[in-house]
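Just so you know, residue 1 is the first one in the sequence shown, and it goes up from there.
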Amino acid sequence: MLQEILALPVEDKIFYAVLVFSWTVYVWEAYLAYRQRKIYKTTMHVPTELGKIMDSETFEKSRLYQLDKSNFGFWSGLYSEAEGTLILLLGGIPFLWKMSGILTARFGFGPEYEISQSLVFLMLATLFSAFTGLPWSLYNTFVIEEKHGFNQQTLGFFLKDALKKFAVTQCILLPVTSLLLYIIKIGGDYFFIYAWLFTLIVSLILVTIYADYIAPLFDKFTPLPDGELKSAIESMAKSIYFPLTKIYVVEGSKRSSHSNAYFYGFFKNKRIVLFDTLLEDYSPLNKDGEKEPGTGEENEAAGNESKPKPKNKKQGCSNPEVLAVLGHELGHWKLGHTVKNIVISQMNSFLCFFLFAVLIGRKELFMAFGFHDSQPTLIGLMIIFQFIFSPYNELLSFCLTVLSRRFEFQADAFARGMGRSSELYSALIKLNKDNLGFPVADWLFSMWHYSHPPLLERLRALTGPKQD
């Protein structure tokens, strides 16, 4: 058996190595999910140490929610792995490339117009991915999220949103890809440097314009009204020299009752975004039977795109708790976590482009995936970045997860240093309840997957002795 494997052509070894590694990762992930699913099934009562922070009703709701998500993840993951394997075994990638060539030829573009063919290939591939992923997305939104009270979308809103996302993605992806391919084509021996610089510039531009020009296409952003909360946020930002320019509230409640907060921007132009579901005083989900601006007759005129607000329990955080959450987020900025993540990301990007430059001339890589007569640059990017780098990507992902948990502890400690320990403590509990987070985790599952420390670990750190 071993001798037969060693006797295989290099391209066959590459192909089967990619398949074996892909299934190895899948089995590992499935094993971890099984361990965590076992926790969901067997932990039926609130552990003693959680008795003071979570009632039995919320604990059971979160257990059932996470169990449903885990079961869904198993089947969707199995489908995704099977689909990817069949695409490789049946030659789906070269087939789609051939179809792209036929389509471009109908418009008078021959094989020499590789970039045009690449863009058609990319559009067809994203269309295929969108259609095959749509049933899973529908089930997740309208069965699981609906069942557990998180979904706020109608089917019409969901489909309109999906079409809009696809269109916006194509408007960004296609021109960026065409420019990247052109740079690689004309860049000479040092094209990898120019390609890396191009992707760096694009990523910085997207981060800068996302909340101002892209996100508002999907959600309504309004300035936080003048008042106690806005004044307190501005005062806190000023105390740590955070160059805050604007504070927005995003209408996240029209699609989900999950909550979040983040900041963005470069240099002296920082903005803070708060989800309305995070704010106890602003969340529409707390207003039982009360008409909201933009509802009623206005919603009827808009075609009833969002669901009527259900009568939910009070959600979100009080103003002091919101300030504590923002203290944590601003801690990431003050401690340089954002800059460190950007530096790590760009170092990784440069390394990947350098290795791509080393490997792109290897014909056996293309032959392994069915390209015997041509070596398209886009296909080379896909093969090397997605398949050849997969072991490295898995290792890097784990290392970044470990680093992220360390950053989260440090940001919590920063908020504690600002005198907001008790408020952050209660905010973390509220957010965990609002999002139905399950506070008990298998150690191996959490070590591999959790970018944020488990709730209990964060609470212990907030109440324990201060550490440097």
Ignoring hydrogens and geometry, is there a side-chain-to-backbone donor-acceptor pair from [X] to [Y] under 3.5 Å?
X	Y	result
Arg63	Tyr40	yes
Ser397	Glu394	no
Asn435	Leu431	yes
Ser70	Gln66	no
Ser62	Phe438	no
Gln36	Asp442	yes
Thr104	Ser100	yes
Ser137	Gly133	no
Thr126	Leu122	yes
Asn341	His337	yes

Any side-chain heavy atom of [X] sitting closer than 4.5 Å to one from [Y]?
X	Y	result
Ile388	Ile14	yes
Asp219	Lys254	yes
Ile115	Tyr182	yes
Phe275	Glu251	no
Pro223	Lys246	no
Tyr392	Leu355	no

Before we go on, tell me: are the rings of [X] and [Y] under 6.0 Å apart, centre to centre?
X	Y	answer
Phe263	Phe242	yes
Trp196	Phe353	no
Trp136	Trp75	no
Phe142	Phe158	yes

Using 30° and 60° as the class boundaries, would you call the ring planes of [X] and [Y] parallel, tilted or perpendicular?
X	Y	value
Tyr65	Phe150	tilted
Tyr26	Trp23	perpendicular
His328	His332	perpendicular
Tyr190	Phe192	tilted
Phe387	Phe369	parallel

Within 6.0 angstrom of Lys98 NZ, more than 12 heavy atoms from elsewhere: no
In terms of heavy-atom contacts, does CZ of Phe191 have more than 12 from other residues, nucleotides or ligands at under 6.0 Å? yes
Only pairs under 3.5 Å count here: list side-chain donor-acceptor contacts from residues 373-385, not counting sequence neighbours, and write none if there are none.
from, atom 1, to, atom 2, distance (Å)
Thr377, OG1, Glu114, OE2, 3.3
Thr377, OG1, Lys185, NZ, 3.3

Could you tell me whether Lys430 and Asp434 make a salt bridge, using a distance below 4.0 angstrom between a side-chain N and a carboxylate O? no
Sequence neighbours excluded, the answer for salt bridge (Lys or Arg N to Asp or Glu O under 4.0 Å) partners of Arg37 is none
